[in-house]
Undergrad: 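I'd like to ask you about the structure that follows.
Below, chains carry the letters A, B, ... as their sequence lines are ordered, and counting in each starts from 1.
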Amino acid sequence: MRSIETSVTFPLSSVKPLEGLSAYRAYCLDATRHAIAGGGRRRDRSPVSGARLEPFGIVEGLAYLRDPENGSLFLADLPDAEAWAGLLKRVVRFRHSPEAFHADLAQSRTDHVYAPKLEWIQETLRLQQMRRPRLLEVMTAPSRLTPLLVESRAFAEVLSVEEMALAHPTETASGAVVPAHAAVLLESLDRVDDPEALLRGVAHRLEDGGLLFVTALVASGFDLAVLGVQNRYLYPPDRANCFSVRGLEALIRRMGFVPLEVSTPGVLDVSVVHAHLAHEPSIPLSSFERQLMEADEEVRAAFQTFLQQQGFSSFARIVARRHA
Amino acid sequence: MRCLVFGFGYMGKIRCQVLQRHPAVREIIVVEPDVRVRARPEGAIPTSFLLPSDPIPWDTADAVFICTPNHLTTQLCVEALTRCGRVFCEKPPGRDWDDFCRIEEAARATPGHLLVFGFNHRMHPSVQSAKALIGRGGLGDILYMKGTYGKSGGMAYPQNWRAKPELAGGGILLDQGIHMLDLFQLFLGPLRPTDALLRDAFWGCGLEDNAFVLLQSEQGIPAFLHSSGTLWKHTFHLEIGCRDGYLIATGLLSKTGSYGRERLVIGKRQFEDETLALGNPREEIVHFDRDESWDREVSEFLAAIQERRPATHGTLEEAKRVMQIIRDVYAMAGRRLVQEPR
């Protein structure tokens, strides 16, 4: 198995500025509260281990629970699948509107968020000697990745499929389909209501030996571990599930995939904590964490590299092969 | 399959461990003169030990592994080719060019033979990944290669057979540098040495403990090797400069871990139009945590036997090319080994 670190750096403000997050975050939280108010279910068992979930904390009135076996976090209450699918669509629409920060940073996010992911996928395909595969892109439309995938000409075909449709297939949609050679899920497992069902659906659409590309924000990463529920990047529906690296890997294995790469090549953990501290100086940090945040840029960069190398950054990437 | 393993030293033990894991292997017979080193490898496959003076069950062996010191390799390899025909031989393929020629002659005289030499570094994950990324893999054609491979020898080195010219045949270049030469040729095709300097700088055993070799491919691409028995910090460092970037493979997933964590740095060429700091392009570093090179190498050899097909790596031709380089380097240096005054 391999893991990857990177020397690429970019500022937090170029992809997801803390100060610009407020409107989008508030919309997401309101929309989630509204969806849940219509009724639904409470998760009491972990989708990863089956263990009984423990209380973790409250994010603006919405409870998060924790898997005691691997530290993964889960939004406690979920509406039914149809309502959740509608919620994801509304949120994506808002994300693409001028009111959210994403619109102003579209080019920067393409350069720093999506283009490197495309490069990662292409390099992995080369290493696995897979040429021009049929690629299944799992997303909630519209996806900024889709045009990049198509324009790259690296794939024989790009099939874009809605996460919720894959996790909850209908009778009419479950007919025979040509299997894909690879599937990409950029933070899909973070936001889908049933990650196990989504992976089952993906496995069903992948050929034997097909590759699975997953990215996720992980609770075991530095900024999420340090800030907990005070981390303003932890909110539903985008982060209805916030796995630990161990939890994510375990789930992927349990669903019949063999990991080839497990990496945390994140570059923003230290910046995220730093930005939170600037925003709210009274945020409770240990004296060691405070020392780190007050250290010069060189020390902070070295620490970020350490987080990458040791699997402690909060941005995780996994490549796995479907069992032949 | 019934496998005969000659030698139960460092390499013999590794091969036995790998054979224990292989689904086609039914029995392992180890031929080892030193009864003190006998220890049954972990695993369910029956393993027995013979002395070299015992009758050797050549006729019932499906495959022979030769894991002996260099002075025994050639004679055993020739005999194994003649009496079994399916031979896996550790590197180097003989102590010198003459030894190699004897092996080659025996191979040519054995129709349908399968002879593979142990160049497992080709199978290391960092090397395999590098191979996939050069050329049309994204980094473009190779401009140059540089390799440093070395170890410290250790206190008992002067007593080791590797330090005795009559047993080893060559110094660190033949012992360890041969792997790097094989890797150079994996990427660049046939090479010829253009300059070389050999030194017996520290150990004073009459064999080179440092070799500096400059080579050139048929397309004129240069490669430089530093092979050393005086690298007090064990080092494996392979640098491949390409038109559109570079690759640096460092560390090796060895049993002791002394060469460090195996990793591959992937750098992309970036000029001023792409980066603020010219000469400091962005890099990705891939870390590997599993060495499957031994298993893959043996699996490929046993698969070739079962499928009655030629081997895909470690072939006689590849071994010949690397031994030609070593022959030429030794000739170039005229065996005028530079020894430090003591």
Undergrad: With a 4.5 angstrom heavy-atom cut-off, is it the side chain or the backbone of B:Ile266 that approaches chain A, or both, or neither?
TA: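 Interface part for B:Ile266: side chain.
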Undergrad: Would you say CZ of A:Phe288 has more than 12 non-hydrogen atoms from neighbouring residues, nucleotides or ligands within 6.0 angstrom?
TA: no
Undergrad: Give the interface residues of residues 208-217 of chain A toward chain B, defined by a heavy-atom separation under 4.5 Å.
TA: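 Near chain B, by residue number: none.
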Undergrad: Counting neighbours of CD on A:Glu297 that are heavy atoms of other residues, nucleotides or ligands and sit closer than 6.0 Å, is the number greater than 12?
TA: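 Count not over threshold, so no.
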Undergrad: Does CZ in B:Arg309 sit with more than 12 non-hydrogen atoms of other residues, nucleotides or ligands closer than 6.0 Å?
TA: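 Yes, CZ of B:Arg309 has more than 12 neighbouring heavy atoms, counting only those of other groups under 6.0 Å.
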Undergrad: With ring pair (Phe, Tyr, Trp, His ring centres under 6.0 Å) as the rule and sequence neighbours excluded, what pairs involving residues 295-315 of chain B come up?
TA: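 Listed by first then second residue: B:Phe65-B:Phe301, B:Phe88-B:Phe301.
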Undergrad: Which one, B:Arg290, B:Glu284, B:Arg261, leads in non-hydrogen pairs under 4.5 Å with chain A?
TA: B:Glu284
Undergrad: Just wondering, are more than 12 heavy atoms of other shown residues or ligands nearer than 6.0 Å to CZ in A:Arg253?
TA: yes
Undergrad: Do any of residues 106-126 of chain A come closer than 4.5 Å to chain B, heavy atom to heavy atom, and if so which ones, in number order?
TA: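 The residues closer than 4.5 Å to chain B, in numerical order, are A:Glu119, A:Glu123, A:Arg126.
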Undergrad: Holding to side-chain contact (heavy atoms from CB on, under 4.5 Å), I want the full list of residues that pass it with B:Asp62, two or more places apart in sequence or in another chain.
TA: B:Met1, B:Arg2
Undergrad: Could you give the distance from CD (B:Gln128) to CD (A:Gln129), rounded to the nearest 0.5 Å?
TA: 7.5 Å
Undergrad: How far apart are the closest heavy atoms of B:Ala132 and A:Leu127, and which atoms are they?
TA: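 Nearest pair, atom of B:Ala132 first, then A:Leu127: CB-CD2, 3.7 Å.
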